[in-house]
Amino acid sequence: MEAFVMMIEIDRSSGVPLYRQVKEQLRAKILSGVLPPGTKLPPERNLAGTLGVNRTTIVTAYRELAAEGLVEGRVGHGTVVLAPTTAPAPGPVRPMQWAASSEREDLVMADVEAILRRPGAISFANGEMAPALYPTELLAQAFAALLAGGGDLLGYGPAMGYGPLREALAARTGGRPEEILILGGSQTALYLINQLLLQPGDSVVVETPSYLNSLGIFPPGVRVIPVKVDADGLQTEGLGELFLRYRPKLLFTLPTFQNPLGVTLSLPRRHQLLELAAKYQVGIVEDDPYGELHLDGERLPTLKSLDPGGYVIYLSSFSKSLTPALRVAWMVAPPAVVERIAASRGALDFRAALLNQAVADRMLRSGALDRHLAGLRTEILARRDALVGALTESMPPGVSWRVPAGGYHLWCTLPAPLRARRLLAEAAREGVAFIPGEYYGPGEEGRRGIRLNFTHPSLAEIPVGVQRLAGAVRRLLKEDGGTGSGSGL
Ligand SMILES: Cc1ncc(COP(=O)(O)O)c(C=O)c1O
């Protein structure tokens, strides 16, 4: 009995309920055969006393194990481990009850998609470019040239990614190839970081509003601590106290052309953030898919390039600069991190597509990527300026926005008490879509904010779409201040 009790460890600082800690550890031991069928578990009172927990903690843990069919309470015998497979109860087959998704985000996106299905709808809602902006011919040439060389790129490649691309990216970013891992999207990288580096009970700090809040990437049991963002990016004032109080493992930031706010973390704040990370031993995940799309103003160094201590896990992607269809993104991090993630990626996607990585590599080395980027920046700049011009011309007083120095998105704030969600319902009638701020996190800023993408609508569509939106804003302000819950779409 003594040895058995020794095998259960209680961690009061983890934030995971104690009964669940006991249950999960017993469950693992039963399923792995450490506690074989017929084993008598200790009486609840005894186990509670030895572990220094309440009796109800053990009662609840045993009850949950019983509900899963792993143990059974027998009169006069206490709680006994059952054989893992029991014959199914006879009777008609009941269909599987899959849980239906009722996420708030799904409802928002369903509303947006309903608008976009209408003929003539204009979209400021997309997270991608207009099809005309993709370098279709350059991609076709690169694919053709690579396939003409035989089938070498059509098999599975190394888990770390296509070697030549890792070298080319190292040369471009000033890193070392062994610090670079190629993955099938920053999204995949974020998922793996969360699965591998975080455990239930850990805390993470996340900007709010932030694209990352919309993804649902944080595993259950991880505490998410929001930190505000202003015109200079993530607020570093008070961050030290936050780190001291919650001891987070990771901080997630989009320092350059943040999605959805479009803001950039200032240089002094970049330095402050790195100092605080070192002081409190907090890892930083720098998500930077838009960095290459600077339109005006000074281009700031990445956090990664300012970080000699290895605190930053840097992510970038060809999704926003070339095309998301390639599914090629990369991580730059200390070798201990990239090797761990590479070793585990097999469970997710085995390997990212090598041919696509070779296409990105070819475009990078040949200079085609840089030529494409130069043209793309000009196109995007024209669209951004068209959007700002149209907003200035059409929006009623009280609507405000910040002009982003790059990226895909502009954030507009509606006058109180107008709500973005209500505006979306009204905009549906006009045939214009955007993403309401609440999609990116809770808080007043989100409720009154709307994200407008300027890389998807055409130059001709932008003023028309803004006029429709401004009309909807005016109507709501006149009617009831836009505070109603909306009629649905
Ligand atoms: C900030 C941010 N990170 C990551 C992603 C996902 O990029 P990828 O296509 O590389 O998975 C996006 C896409 O919108 C994004 O805006």
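Note that the structure is predicted; figures quoted are calculated from it, not measured. Whatever order the structure lists them in is the order used to number ligands and atoms, beginning at 1.
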Does a side chain donor of either Thr256 or Arg270 reach within less than 3.5 Å of an acceptor in the other side chain?
-> yes
Atoms in ligand 1 flagged as close to Lys320, the criterion being non-hydrogen separation under 4.0 Å = 12 (C), 13 (C), 14 (O)
With a cut-off of 6.0 Å (strictly less than), are more than 12 heavy atoms of other residues, nucleotides or ligands near CD of Glu444?
-> yes
Minimum side-chain heavy-atom gap Tyr314-Asp288 below 4.5 Å | yes
Going by heavy-atom distance to atom 6 (C) of ligand 1, choose the closest among Tyr211, Phe257, Tyr191, Tyr290.
-> Tyr211
For residues 141-170, which side-chain donor-acceptor pairs fall under 3.5 Å, sequence neighbours excluded?
residue : atom : partner : partner atom : Å
Arg166  : NE   : Ile180  : O            : 2.7
Arg166  : NH2  : Pro177  : O            : 2.9
Arg166  : NH2  : Ile180  : O            : 3.3

Nearest heavy atom to atom 7 (O) of ligand 1: which of Pro289, Ser186, Ala325 does it belong to?
-> Ser186
Say whether Arg327 and ligand 1 are in contact under the criterion: heavy-atom distance to a ligand atom below 4.0 Å.
-> yes
Kindly identify the option in Asp287, Asn259, Leu315, Thr323 whose heavy atom sits closest to atom 3 (N) of ligand 1.
-> Asp287
Flag Ser319 as yes when one of its N or O atoms lies below 3.5 Å from any N or O atom of ligand 1, and as no otherwise.
-> yes
Report the part of Ser317 (side chain from C-beta onward, or backbone N, CA, C, O) that has a heavy atom under 4.0 Å from ligand 1; answer both or neither where that applies.
-> side chain
Using a strict 4.0 Å threshold on nitrogen-to-oxygen distance, state whether Arg172 and Glu292 make a salt bridge.
-> yes
Evaluate whether atom CD of Glu178 has more than 12 neighbouring non-hydrogen atoms of other residues, nucleotides or ligands under 6.0 angstrom away.
-> yes
Is there side-chain contact between Gln258 and Tyr290, with heavy atoms separated by less than 4.5 Å?
-> no
What atoms of ligand 1 come within less than 4.0 Å of a heavy atom belonging to Gln187?
-> 11 (O)
With heavy atoms of Leu254 as the reference, note each atom of ligand 1 found under 4.0 Å away.
-> 1 (C)
